[in-house]
Amino acid sequence: MIVVLKQGASQEQREDLIEWIKSLGLDVHLSIGKMQTVLGLIGDTASVDKELIEGLAIVESVVRITEQFKKANRKFHDDDSVFEVGNAKIGDGNFMMIAGPCSVESEEQICAIAESVKASGAQLLRGGAFKPRTSPYDFQGLHADGIELLLKAKKLTGLPIVTELMDISQLKYFDEVDVIQVGARNMQNMELLKQLGKEKKPILLKRGLANTLKELLMSAEYIMAGGNEQVILCERGIRTFETAMRNTLDIGAIPALKELSHLPVIIDPSHACGIARYVKPLTLAAAAAGADGIIVEVHNNPEKALCDGPQSLKPEQFAELVKSVEKVREAVK
């Protein structure tokens, strides 16, 4: 249930109403937007007298919500959420460029790529330290050593870092990581999501290979219900019958998610297609569709990359992509 307050309601009136609602055994999510203030009632609202609340002097309207996701729901939070990472913002018109290699391979590699993508306009550095791979014989990442190398690149360039957490036991290595990524395979690892709800930093949540948008939002709800409302949704391609590309990028997920939720939505065109030459057109399509950013793979020597070389852009290709995205976003304003 959501309660929309009238403009001009005082802070004292609002606090009195919140205190009374909590006395009914409910939690309250307060959202103060540009145009209206909304109270989200969380819990068993079946016995709450809707007409009684509607009759209060400071209440404009009361609406019952049938969706299971509450905190992620745009009905609870009409304005787009905006999160800060370092000096960059994401959401509500702020487009975030996240770039870097699929896997951290060496100090020389990650530092060189970090310097190049920053020069081209990247605001965050991505890089895998713990790598979930389909085959147990593939490169699994440098683990804690990979995190240390990312931190060296961060110190060198000033770029905040984002890297994937695969298991709760690895969390001890993530103290200085700026954004924690939850990969597609872990989207419904509920115990991991609940633990991340206790963190005080943004979580980049990727959609699972065969999951619906509602399931993605319910996974976000797990994190937000734990107290961490800084969730970035990522469409990274879903598995369909098509074999021409690694996955199928669901462009329609962007406007659909932004209608359903106030959370920022980014895309991962690299994992979506698995082919470097398709990354640019997919990125431009996503920018035109209203995405809040991209997370893209960039490698200084894709032919010799230890992971996902065929889908990685070269630094000069990333520089061209940034310019093209700016043109598209300007055109669709």
Side-chain angles (χ1 to χ4, degrees), residues 85-88 90 94-129 131 139 141-142 145-164 177-179 181 204 206 232 234 236-237 245-246 249 266-287 291-330:
V85 185
N87 295 322
I90 183 170
N94 299 286
F95 195 88
M96 182 170 283
M97 291 280 192
I98 308 172
C102 178
S103 293
V104 180
E105 299 170 5
S106 68
E107 181 176 348
E108 180 182 9
Q109 172 244 19
I110 191 62
C111 288
I113 295 173
E115 288 183 309
S116 66
V117 297
K118 181 183 180 180
S120 298
Q123 296 148 307
L124 263 74
L125 174 67
R126 63 153 294 157
K131 294 299 301 178
F139 177 60
L142 298 178
D145 290 339
I147 299 283
E148 290 301 316
L149 295 181
L150 280 168
L151 292 174
K152 287 184 178 181
K154 175 182 177 179
K155 184 176 181 180
L156 175 67
T157 63
L159 287 176
I161 57 175
V162 52
T163 191
E164 183 172 351
V177 171
D178 300 279
V179 178
Q181 176 180 308
L204 195 162
K206 287 194 169 186
I232 301 167
C234 181
R236 48 80 68 206
M245 290 176 283
R246 183 175 182 177
L249 181 65
I266 70 171
I267 66 151
D268 179 347
S270 303
H271 280 94
C273 64
I275 302 169
R277 65 181 180 276
Y278 294 160
V279 169
K280 181 177 179 179
L282 291 179
T283 299
L284 299 184
D292 295 298
I294 61 167
I295 179 168
V296 63
E297 292 186 359
V298 179
H299 199 288
N300 51 359
N301 193 353
E303 294 80 8
K304 295 185 178 181
L306 297 180
C307 178
D308 287 343
Q311 66 193 36
S312 299
L313 299 179
K314 295 181 178 179
E316 58 270 22
Q317 292 174 315
F318 175 70
E320 294 175 4
L321 177 64
V322 172
K323 294 177 182 178
S324 297
V325 167
E326 291 172 352
K327 291 178 182 178
V328 169
R329 295 191 67 240
E330 184 64 32

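Basis for what follows: all heavy atoms, side chains included, without hydrogens, waters or symmetry-related copies.
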Problem set entry | Heavy-atom side-chain proximity of Val117 to Leu159 below 4.5 angstrom |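 They are in contact (side-chain heavy atoms under 4.5 Å apart), so the answer is yes.
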
Problem set entry | Closest approach of Ile267 to Cys234 (non-hydrogen atoms, all atoms of both residues) |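 Taking Ile267 first and Cys234 second, the nearest heavy atoms are C-SG, 4.2 Å.
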
Problem set entry | Which atom of Val85 lies closest to which atom of Pro160, heavy atoms considered |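 Heavy-atom minimum between the residues: CG1-CB, 3.8 Å.
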
Exercise. Salt bridge or not for Asp308 and Lys131, using N-O below 4.0 Å?
Worked result: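 No, Asp308 and Lys131 are not salt-bridged.
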
Problem set entry | Glu330/Lys327 under side chain to side chain contact (heavy atoms under 4.5 Å, CB included): CA gap, chis, key distance, verdict | CA-CA 5 Å; Glu330 184 64 32; Lys327 291 178 182 178; 5.8 Å; no

Exercise. So with a 6.0 Å cut-off around CD of Glu108, is the heavy-atom count from everything else above 12?
Worked result: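 No, not enclosed.
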
Exercise. Should Ile147 and Val104 count as side-chain neighbours, where that means a heavy-atom distance under 4.5 Å?
Worked result: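 No. Closest side-chain heavy atoms not under 4.5 Å.
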
Exercise. Looking at OG1 of Thr163 and CG of Asp178, how far apart are the two atoms once the value is rounded to the nearest 0.5 Å?
Worked result: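 Interatomic distance, Thr163 OG1 to Asp178 CG, rounded to 0.5 Å: 11.0 Å.
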
Exercise. Quick one: CE on Met97 to CD on Glu326, what's the gap to the nearest 0.5 Å?
Worked result: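 Spacing of CE (Met97) from CD (Glu326) equals 6.5 Å.
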
Problem set entry | Between CG on residue Leu156 and CG on residue Leu151, distance to nearest 0.5 Å |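 The CG atom of Leu156 sits 12.5 Å away from the CG atom of Leu151.
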
Problem set entry | Closest heavy-atom pair and its distance - Ser120, Pro315 |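 Closest approach of Ser120 to Pro315: OG-O, 4.3 Å.
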
For this session: Output the distance between atom CD (Gln311) and atom CG (Leu313), rounded to the nearest 0.5 Å.
Result: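 Output value for this atom pair is 9.5 Å.
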
Exercise. Is any side-chain heavy atom of Ile275 less than 4.5 Å from a side-chain heavy atom of Pro310?
Worked result: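 Result no, sub-4.5 Å side-chain heavy-atom pair not found.
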
For this session: Could you go through the side chain to side chain contact (heavy atoms under 4.5 Å, CB included) check for Leu306 and Ser103 one step at a time?
Result: CA-CA 7 Å; Leu306 297 180; Ser103 293; 5.5 Å; no

Problem set entry | Derivation of the side chain to side chain contact (heavy atoms under 4.5 Å, CB included) call for Val296 and Phe318 | CA-CA 9 Å; Val296 63; Phe318 175 70; 3.7 Å; yes

Exercise. What are the two closest heavy atoms between Leu142 and Leu149, and how far apart are they?
Worked result: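 What the structure gives for the nearest pair is CD1-CD1, 3.9 Å.
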
For this session: For side chain to side chain contact (heavy atoms under 4.5 Å, CB included), just list the numbers for Leu282 and Cys273, CA-CA rounded to whole Å, side-chain angles, deciding distance to a tenth of an Å, and then say yes or no.
Result: CA-CA 9 Å; Leu282 291 179; Cys273 64; 3.7 Å; yes

For this session: Quick one: pull up CD1 in Ile295 and CG in Asp268 and give me the separation to the nearest 0.5 Å.
Result: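 Rounded to the nearest 0.5 Å, the CD1-CG separation comes out at 6.0 Å.
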
Exercise. Under 4.5 Å between any side-chain heavy atoms of Ile110 and Leu125, yes or no?
Worked result: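 SC-SC contact between Ile110 and Leu125 confirmed.
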
For this session: Check whether any side-chain heavy atom of Leu284 sits under 4.5 Å from a side-chain heavy atom of Val325, and report yes or no.
Result: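 Side-chain contact under 4.5 Å: yes.
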
Exercise. Thinking salt bridges, do Arg126 and Glu297 make one under a 4.0 Å N-O criterion?
Worked result: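 Here Arg126 pairs with Glu297 in a salt bridge, since their nearest N and O are under 4.0 Å apart.
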
Problem set entry | Pairing of Lys154 and Glu148 as salt bridge, 4.0 angstrom limit |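 Between Glu148 and Lys154 there is no salt bridge, as every charged N stays at least 4.0 Å from the carboxylate O atoms.
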
Exercise. About how many Å separate CD1 of Ile266 and CD1 of Ile294, when rounded to the nearest 0.5 Å?
Worked result: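 Rounded to the nearest 0.5 Å, the CD1-CD1 separation comes to 9.0 Å.
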
For this session: Please examine the side chains of Val298 and Ser312, heavy atoms only from C-beta on, and report whether any two atoms are closer than 4.5 Å.
Result: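 No - every pair of side-chain heavy atoms lies 4.5 Å or more apart.
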
Problem set entry | Flag, side chain of Lys118 to backbone of Thr157, donor-acceptor distance under 3.5 Å |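 Yes, because the side chain of Lys118 sits within donor-acceptor range (under 3.5 Å) of the backbone of Thr157.
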
Problem set entry | Non-hydrogen side-chain atoms of Met96 and Leu124 separated by less than 4.5 Å |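 Yes; the side chains approach each other to less than 4.5 Å.
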
For this session: Check whether any side-chain heavy atom of His299 lies under 4.5 Å from a side-chain heavy atom of Gln109, and answer yes or no.
Result: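 Side-chain contact under 4.5 Å: yes.
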
